[in-house]
*Asks:* 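Mind looking over this structure? Questions follow.
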Amino acid sequence: MKLNMYENYNLLERRVLDTLTKTDLEKIQKALQQIKTPTICTGVGGSNVVSNFASKVISKKNNCIAENCEPRSIIYRNLNGYDNVLACSYSGENLGVETSFNNNLNKYLLSTQQKEDVNNITYESNFAKEDSFISLAATLMPMSILLAYYTDNDIALIREILSTKKEYLTKISKIYEILSGYDTSTASIFLESTLTESGIAIPIVHDKYGYCHGRSTTSKNNDSSAIIFNKNTELDQKLIFEISPHYKEVVQIDSRYHDQIIDDFFFTYQSMLLAKSIATNTNKDLSRVEYSPLVKKLYYFEGGM
């Protein structure tokens with residue numbers, strides 16, 4: 001029987017730690033260390049969260065240019081100057097992966113499955129396979145593999161982050177305005193994707209400084225809540241002080257780590273907990289979403305893009 005949202009959340013930490021235990025992390029480390037020149041990271045849906053995080057890890061750890069984009073966009077980008085493409089996909093089998101590899105770049109695949117004629121960076125996933133409309137473990141497991149690479153396999157740190165479980169008591173809002181930026185982009189991509197795909201709310205993502213230039217008008221004309229990733233900068237404190245009277249609620253997720261990469265992983269995990277709170281308050285199940293009939297008509301599209 002398909003697990004509900006609460007059961008999948010209860011298994012999330014065990015699934016992630018099981019993957020870290022069973023995966024050959026040293027082999028993963030050697031594979032990722034090969035990527036030393038400009039790289040495009042791709043993924044769709046929950047895997048775009050992973051590919052965004054991968055671009056940050058590769059850029060910082062390997063000291064090279066790395067950018068994230070959706071698979072379709074790679075068709076239209078000028079690939080001159082890039083040497084590698086890293087596709088992120090739990091199954092390794094979809095049109096997005098094929099599209100990402102339809103070029104002359106060096107090809108890497110971060111997945112649970114292997115593919116011929118590419119550099120496979122494979123992680124194990126054997127514990128109680130997740131069957132959920134919204135990807136939780138399928139997103140956090142490969143992110144944890146990437147974070148392990150970044151921290152030289154500091155599994156204790158990942159355990160610490162996963163043990164930080166906070167209950168976000170949110171009021172019911174139809175619109176959530178998310179104040180973010182490059183430093184917290186993985187977390188905001190997860191929230192935007194999850195709220196949109198589940199249909200439980202309408203997300204709007206603002207760059208924090210860009211918000212200062214007129215984007216606050218949305219809250220004047222709509223009854224919405226705000227979510228801010230608080231890194232305790234002067235801008236963050238100014239925003240929190242000024243916006244609080246103008247929203248139904250301001251949900252504040254506070255930074256815990258001084259390292260930007262580790263913090264973005266932490267923020268993403270907290271965003272998963274926040275999404276659970278929002279779903280609970282709206283009597284929705286993120287694992288059993290009543291999705292649009294368009295999903296079945298579009299999900300398996302295999303034509304030209």
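No hydrogens, no waters, no symmetry mates; every other heavy atom, side chains included, goes into these values.
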*Asks:* If you define the side chain from C-beta out and look only at heavy atoms, does anything of Lys22 sit under 4.5 Å from Asp18?
*Replies:* yes
*Asks:* Could you verify whether a donor N or O on one side chain and an acceptor N or O on the other, from Glu160 and Tyr257, lie under 3.5 Å apart?
*Replies:* yes
*Asks:* For Tyr176 and Ile278, run side chain to side chain contact (heavy atoms under 4.5 Å, CB included): C-alpha distance rounded to whole Å, both residues' side-chain angles, the deciding distance at 0.1 Å, then the answer.
*Replies:* CA-CA 10 Å; Tyr176 285 90; Ile278 296 173; 3.9 Å; yes
*Asks:* Any chance the side chains of Tyr149 and Asn62 put a donor and an acceptor closer than 3.5 Å?
*Replies:* yes
*Asks:* Is it the case that one hydrophobic cluster holds both Leu162 and Leu273, taking links as side-chain heavy atoms less than 4.5 Å apart, direct or via other members?
*Replies:* yes
*Asks:* Identify, with sequence neighbours excluded, every residue that meets side chain to side chain donor-acceptor pair (under 3.5 Å) alongside Asn281.
*Replies:* Thr170
*Asks:* With no hydrogens and no angle check, do the side chains of Ser224 and Glu177 hold a donor and an acceptor under 3.5 Å apart?
*Replies:* yes
*Asks:* Could you give the distance from CD1 (Ile74) to CE (Met305), rounded to the nearest 0.5 Å?
*Replies:* 10.0 Å
*Asks:* For atom CG of Asn63, is the number of surrounding heavy atoms from other residues, nucleotides or ligands below 6.0 Å larger than 12?
*Replies:* no
*Asks:* Considering only heavy atoms from C-beta outward, does the side chain of Leu146 approach that of Ile58 to under 4.5 Å?
*Replies:* no
*Asks:* Is it true that, when you exclude Lys284 itself, more than 12 heavy atoms of the residues, nucleotides or ligands shown sit nearer than 6.0 Å to its NZ?
*Replies:* no
*Asks:* Are Ile202 and Leu294 linked, directly or through other ILVMFWY residues, by side chains that come within less than 4.5 angstrom of each other?
*Replies:* no
*Asks:* Which residue pairs pass the ring pair (Phe, Tyr, Trp, His ring centres under 6.0 Å) test when at least one of the two sits in residues 193-243, sequence neighbours left out?
*Replies:* His206-Tyr211, Tyr209-His213, Phe229-Phe267
*Asks:* Nearest 0.5 Å, what's the CZ-CZ distance between Phe133 and Arg288?
*Replies:* 14.5 Å
*Asks:* So which pairs with a foot in residues 35-47 pass salt bridge (Lys or Arg N to Asp or Glu O under 4.0 Å), sequence neighbours left out?
*Replies:* none
*Asks:* Could you walk me through whether Lys231 and Asp183 pass the salt bridge (Lys or Arg N to Asp or Glu O under 4.0 Å) check?
*Replies:* CA-CA 10 Å; Lys231 303 191 76 170; Asp183 50 324; 3.4 Å; yes
*Asks:* With sequence neighbours excluded, tell me which residues meet side-chain contact (heavy atoms from CB on, under 4.5 Å) with Gln252.
*Replies:* Ile228, Asn230, Ile240, Asp254
*Asks:* Could you pull out the closest heavy-atom pair between Ser91 and Ser111, with the gap in Å?
*Replies:* C-OG, 3.6 Å
*Asks:* Group every Ile, Leu, Val, Met, Phe, Trp and Tyr by side-chain heavy-atom contacts under 4.5 Å, then state whether Val85 and Leu79 land in the same group.
*Replies:* yes
*Asks:* Pick out which of Ser188, Ser185, Ser47 makes a side chain to side chain donor-acceptor pair (under 3.5 Å) with Asn52.
*Replies:* Ser185
*Asks:* Please round to the nearest 0.5 Å and tell me the distance separating atom CD1 of Ile243 and atom NZ of Lys238.
*Replies:* 12.0 Å
*Asks:* Applying side chain to side chain donor-acceptor pair (under 3.5 Å), name anything that partners Lys115, two or more places apart in sequence or on another chain.
*Replies:* Glu98
*Asks:* Enter the distance from Asp152:CG to Leu25:CG here, rounded to the nearest 0.5 Å.
*Replies:* 11.5 Å
*Asks:* Verify the cluster assignment for Ile155 and Leu157: are they in a single hydrophobic cluster under the rule of side-chain heavy atoms below 4.5 Å apart?
*Replies:* yes
*Asks:* Tell me, with the steps shown, if Arg77 and Glu70 meet salt bridge (Lys or Arg N to Asp or Glu O under 4.0 Å).
*Replies:* CA-CA 11 Å; Arg77 293 187 65 148; Glu70 298 270 356; over 6 Å; no
*Asks:* Between the side chains of Asn4 and Ser287, is a donor N or O closer than 3.5 angstrom to an acceptor N or O?
*Replies:* no
*Asks:* Provide the closest heavy-atom pair for Pro38 versus Gly81 in the form atom of the first, atom of the second, distance.
*Replies:* CB-O, 3.2 Å
*Asks:* Counting only heavy atoms not in Ile204 (residues, nucleotides, ligands), do more than 12 fall under 6.0 Å from its CD1?
*Replies:* yes
*Asks:* Just so I know, are the side chains of Lys107 and Asp117 near enough to count as touching, which here means a heavy-atom distance under 4.5 Å?
*Replies:* no
*Asks:* Using a distance-only test with no angle check, is there a side-chain donor-acceptor pair under 3.5 angstrom linking Ser198 and Thr194?
*Replies:* no
*Asks:* In sequence, state the C-alpha distance, the side-chain angles, and the governing distance for Met143 and Thr186, and then conclude on side chain to side chain contact (heavy atoms under 4.5 Å, CB included).
*Replies:* CA-CA 10 Å; Met143 283 185 62; Thr186 307; 3.8 Å; yes
*Asks:* Drop me the distance from Glu167's CD to Ser277's OG, to the nearest 0.5 angstrom.
*Replies:* 5.5 Å
*Asks:* Do the non-hydrogen side-chain atoms of Val118 and Phe101 ever get within less than 4.5 Å of each other?
*Replies:* yes
*Asks:* Is a side-chain donor-acceptor pair under 3.5 Å present for Asp236 with Thr233?
*Replies:* yes
*Asks:* With side chain to side chain donor-acceptor pair (under 3.5 Å) as the criterion, how do Thr37 and Asp83 come out once you've worked through the C-alpha distance, each side chain's angles and the decisive distance to 0.1 Å?
*Replies:* CA-CA 6 Å; Thr37 52; Asp83 297 320; 2.9 Å; yes
*Asks:* Please check if any side-chain donor atom of Tyr6 sits under 3.5 Å from a side-chain acceptor atom of Thr280, or the reverse.
*Replies:* yes
*Asks:* For the residue pair Ser125 and Tyr90, confirm or rule out a side-chain donor-acceptor distance under 3.5 Å.
*Replies:* yes
*Asks:* Do Leu179 and Ile227 come within less than 4.5 Å of each other through their side chains, counting heavy atoms only?
*Replies:* no
*Asks:* Where do Thr184 and Ser180 land on the side chain to side chain donor-acceptor pair (under 3.5 Å) test, with the steps shown first?
*Replies:* CA-CA 6 Å; Thr184 57; Ser180 183; 2.6 Å; yes
*Asks:* Can you tell me how far apart CZ (Phe266) and CD1 (Ile261) are? Round to the nearest 0.5 Å.
*Replies:* 15.5 Å
*Asks:* Do Thr122 and Gln113 have side chains that approach each other closer than 4.5 Å (heavy atoms only, starting at C-beta)?
*Replies:* no
*Asks:* Look at atom NZ of Lys165 and say whether more than 12 heavy atoms of other residues, nucleotides or ligands are closer to it than 6.0 Å.
*Replies:* yes
*Asks:* Are Asn8 and Leu12 packed together at the side-chain level, in the sense that at least one heavy-atom pair is separated by less than 4.5 angstrom?
*Replies:* no
*Asks:* According to a 4.5 Å side-chain heavy-atom criterion applied to Ile, Leu, Val, Met, Phe, Trp and Tyr, with indirect links allowed, do Val57 and Tyr182 form part of one hydrophobic cluster?
*Replies:* no
*Asks:* Can you list the steps and then say if Asp263 with Arg256 is a salt bridge (Lys or Arg N to Asp or Glu O under 4.0 Å)?
*Replies:* CA-CA 7 Å; Asp263 231 11; Arg256 180 165 179 168; over 6 Å; no
*Asks:* For the residue pair Ile161 and Ile262, establish whether any side-chain heavy-atom pair is separated by less than 4.5 Å.
*Replies:* yes
*Asks:* My understanding is that only residues two or more places apart in sequence, or in another chain, count here; which of them pass side chain to side chain donor-acceptor pair (under 3.5 Å) with His258?
*Replies:* none
*Asks:* Consider only side-chain N and O atoms of Asp223 and Tyr247, and report whether a donor and an acceptor are under 3.5 Å apart.
*Replies:* no
